[in-house]
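Taking it in order: structure first as structure tokens, then the write-up.
Ligands are counted one by one from 1 in listed order, and the atoms in each one are counted from 1 as well. Atom set for the values below is all heavy atoms of this structure, side chains included, hydrogens, waters and symmetry mates excluded.
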Amino acid sequence: MAVSTKEKAKPKSKSKSTAKKSEFSKETYLWWYEMMYLLRRFEEKANQQYGRQKIRGFLHLYIGQEACIAGAVTALKEGDKYITAYRDHAHPIALGTDPKYIMAELFAKETGISKGKGGSMHMFDKEHHFYGGHGIVGGQIPLGAGIAFAEKFKGTDNLCATFMGDGATRQGSFHETLNMAMTMKLPVIFIIENNGFAMGTSVKRTSNVTELYTLGEAYDMPSFPVDAMKVENVHHAVAEAAERARKGDGPTLLEFRTYRYKGHSVSDPAKYRTKEELEGYKSQDPIVQCMNSILEYKLASEDALKAIEDKVKEQVEECIKFADESAYPDPSEALKDVYAQPDYPYILD
Ligand SMILES: Cc1ncc(C[n+]2csc(CCOP(=O)(O)OP(=O)(O)O)c2C)c(N)n1
């Protein structure tokens with residue numbers, strides 16, 4: 001990773017250059033670039049490995065949505081918790097999980113982050129504060145509020161960033177949790193990654209309310225839309241929400257407006273949308289926008305960015321090699337790490 005958690009999002013030091021001034025430091029921009037490029041490359045290669053049948057079952061890709069997690073991580077601090085649905089490869093990687101353990105999990109190998117027993121939808125890394133990886137749509141929303149409750153109860157100043165898709169906002173769990181979290185002023189940020197579709201169903205076909213952030217207003221919760229194709233916007237919105245949470249003012253609902261370039265899962269040819277719509281979003285690609293900012297602010301040269309890309313490509317090749325060469329779990333593992341175990345290892349400390 002380009003910069004450590006502590007260094008992320010440092011205010012920019014004064015520069016004598018004549019270039020247009022950037023609001024964020026060079027380290028922050030380069031971390032964003034490298035991280036988003038890694039997430040993109042990692043998933044493109046995972047997609048290829050699926051084609052080679054090295055990965056089986058579901059594989060929900062985050063390609064196009066990278067700024068959502070990259071901007072959130074730089075806005076938050078060490079100790080904050082994260083939880084999301086099944087589109088979950090990017091979140092732990094951005095939090096610091098070595099991507100080779102995520103690739104090994106996709107390959108169902110024993111070296112995977114969930115010991116090869118979770119697969120694409122069930123990444124989990126307590127050490128990096130990532131609490132899953134949940135396959136039940138909307139299931140993680142009350143869990144995220146529960147984690148936030150634990151932090152408040154223990155008197156820490158940590159919060160829980162609770163991510164979900166647009167489809168999850170139609171679940172009862174979303175509404176019940178928003179009501180309770182606001183009443184109890186829990187330190188939680190609810191983040192809708194609105195990529196326009198729940199499987200093949202567009203947002204406008206599921207409700208008259210298509211401005212999803214307004215759903216929070218029913219609970220008197222500060223609620224905002226965010227153009228999440230731009231990583232800077234994501235950072236700002238999450239930083240403001242975090243300030244509210246840490247002051248004791250409770251939750252915020254953010255609607256990240258984003259787009260997934262691929263289908264719902266790899267088996268979905270995405271025939272429910274037009275090529276023009278897809279191309280329209282690709283023209284606002286978050287990685288390209290970040291690269292343009294870096295070049296415009298003269299924070300790095302094209303050659304320096306190319307060197308980052310080459311390094312990442314090599315890293316992803318190593319992830320695949322690691323996953324491929326790892327062993328499958330022993331069958332005796334099947335009965336371990338289940339709730340019935342008295343020392344079940346995945347509970348919050
Ligand atoms: C409770 C429940 N109902 C239905 C499903 C089947 N299902 C899996 S993904 C999905 C769509 C969810 O879309 P969204 O929340 O927008 O997330 P996205 O895939 O766009 O990230 C559905 C309905 C499920 N996993 N859980």
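- Under a 3.5 Å cut-off, the side chain of Ser301 and the backbone N or O of Ala304 do form a donor-acceptor pair.
- The stretch residues 170-209 participates, sequence neighbours left out, in these ring pair (Phe, Tyr, Trp, His ring centres under 6.0 Å) pairs: Phe197-Tyr272.
- Residues Lys45 and Glu317 have side chains in contact (heavy-atom distance under 4.5 Å, counting atoms from C-beta outward).
- Near ligand 1, Tyr86, Arg87, Gly135, Ile136, Val137, Gly165, Asp166, Gly167, Ala168, Gln171, Asn195, Phe197, Ala198, Met199, His264 each place a heavy atom less than 4.0 angstrom from the ligand.
- With a 6.0 Å cutoff to the six-membered ring centre and a 45° limit on the axis angle, Lys100 counts as a cation-pi contact of Phe322.
- In this structure, Lys109 forms a cation-pi arrangement with Tyr328, its terminal cationic atom sitting closer than 6.0 Å to the ring centre and no more than 45° off the ring axis.
- Aromatic ring orientation, Phe149 versus Phe153: parallel (interplanar angle below 30°, classes split at 30° and 60°).
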